[in-house]
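The structure presented is a predicted model; accordingly, all values stated were derived computationally and were not measured. So that the names make sense, note that chain A is the first sequence line, chain B the second, and so on, each numbered from 1. The basis for the numbers below is simple: all heavy atoms, side chains too, and nothing from hydrogens, waters or symmetry mates.
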Protein chains: 2
Amino acid sequence: MDTSIIENRDAAVEAPKLPDEIHYFLWNKIATLELKPGVKLSELGLAEQFKCSRIPVREAVRRLNVEGALDSQPQRGSFVSRIDLEEVKRVRYLREVLETRIVLDAYDANLLGPLVPLLRGMVRDQKNMLSFNELEKLTDADTQFHDFFYHLENKEFVQAHTGRYDIHYIRARRLALGVERSDKQRYDDSLNVVLQHDRMIDAIENGDRAALEDELINHFRNINHTLEDILHRNEFTDYFHI
Amino acid sequence: MDTSIIENRDAAVEAPKLPDEIHYFLWNKIATLELKPGVKLSELGLAEQFKCSRIPVREAVRRLNVEGALDSQPQRGSFVSRIDLEEVKRVRYLREVLETRIVLDAYDANLLGPLVPLLRGMVRDQKNMLSFNELEKLTDADTQFHDFFYHLENKEFVQAHTGRYDIHYIRARRLALGVERSDKQRYDDSLNVVLQHDRMIDAIENGDRAALEDELINHFRNINHTLEDILHRNEFTDYFHI
DNA sequence: TATTCTATATTTGTATACCAGATTTAAGAG
DNA sequence: CTCTTAAATCTGGTATACAAATATAGAATA
């Protein structure tokens, strides 16, 4: 009896399938704007790049189409989608409603008061990053600051609906926060974000629920103002849809 | 990868494609429970059914996998997914937060007061359907009643995040409201729904915002109770995951 | 009878080939 | 030099074929 081969299907760590790898690769390239909106790709070219046939490539491409990252047109090609501002606005609204509710629920459950010192420390770190002009680190710290509340309420799953995986929102946020803007713009925006965090904690400390809600809603509307500013300056207009 | 060639033309010629048709057909069959959870399909069998090759079928199947409607396992087959109760609970939470906010926003904008007679008429119609035991019509009327508020606030897009296209939530709702339950159960549940609608309008009429919010939250939690009831009776246990 | 082994059938994953339509290129007329 | 037009090229859509893994049914065995 052959007992050398132990079959343990459930515990087996499945290797990522080829279409998944291709999808992941392209999604990241698109999300980071490394592949610019409007750029033309072709299934055959991708197949050569990944040294496989068109079939696995095609599966990844079709999935990217469904996700809105690619726009494939028969007999023309597959194009990196332009950023859909309406979609960004929709996601921003969802984030305003859902994340505001989660923070306020934590507030109403009296979870936030005892955490004020911890939150102050997080914002203090953010201020230090700002003073050292570590804006990349600050962006990550901002993300962590917000994730903190999701974890506090065990509502991590909601993040899937607040733009974390939305290719349009992700690219808009990158444009708004990333290296595409000038150093002064990035510093001003980052300072604004940190000051907003400070005022949120003030509201928590003061027991001012309405002020906390206002600060939250205003905070999530930042991206609207930044995008309007970018479009007003006619920067990156070819990155956007219409 | 060539990123130098930027295609500026965004032609938009839409034609119904074979994979889309197959996807739509299967999605509906699954959503209506006509294809029962756990049933095995095969790409080749579907290809024969649709009189085409496996390629278009495969595209539809892969998309259904991403959407959670199918679970394809290599060299085993493609199985209609069982209903994921955790996913249903997640979607129910999103609906509670988002739809409650939308109705309360309309209330705060003083849009609902003048509409009380209209809302009363809708509920009166629902009561008539109930008295004539037209439960299918009543289910549609319930959907319309809720859609009314989305349209009032121009937030139709939010419906995409409140279960309208979630295959697990849709099937759970169908089990909870549909012909799978006994006539008495369906009548009792429907009566409960209509009475809840009535109490919402009462709260609007009385200017009792807190009561409106409570009724809304309670209303969206109905499905939890119904599903617990179904599982407690050991009905349709093979429809659910674990 | 119950269990194990084996040949066969089934199913998904992938490669290759071909098609139809759109685009690009280049030749030719004015 | 510009415009027209037809051939060449590129691209996604589909069909067929094969490979690898799994399931199934029947035979062989204890």
### Message
Quick check on the 6.0 Å ring-centre criterion: do B/F50 and B/F25 meet it?
### Response
yes
Tabulated below should be each protein N or O lying under 3.5 Å from an N or O of nucleotides 10-14 of chain C; please produce it.
unit_1, atom_1, unit_2, atom_2, d
C/dT12, OP1, B/S78, N, 3.1
C/dT12, OP1, B/S78, OG, 3.1
C/dT12, OP2, B/E43, N, 2.9
C/dT12, O4', B/Q75, N, 3.1
C/dT12, O2, B/Q75, NE2, 2.6
C/dG13, OP2, B/R58, NH1, 2.6
C/dG13, OP2, B/R58, NH2, 2.8
C/dG13, N7, B/R54, NH2, 3.1
C/dG13, O6, B/R54, NH1, 2.9

### Query
D/dG13 P sits how many Å from B/K51 NZ, rounded?
23 Å
### Query
Got a sec, which pairs hit ring pair (Phe, Tyr, Trp, His ring centres under 6.0 Å) with one end in residues 216-235 of chain B, sequence neighbours left out?
B/H146-B/H219, B/H146-B/F220, B/H197-B/H219
### Query
Between B/Y239 and B/K36, is there a cation-pi geometry (under 6.0 Å to ring centre, at most 45° from the normal)?
no
### Query
Rounded to the Å, how far apart are A/F79 CZ and D/dC10 P?
15 Å
### Message
My understanding is that only residues two or more places apart in sequence, or in another chain, count here; which of them pass side-chain contact (heavy atoms from CB on, under 4.5 Å) with A/N224?
### Response
A/K89, A/R92
### Task
Take atom NE2 of B/H151 as the centre, draw a 6.0 Å sphere, and report whether it contains more than 12 heavy atoms from other residues, nucleotides or ligands.
yes
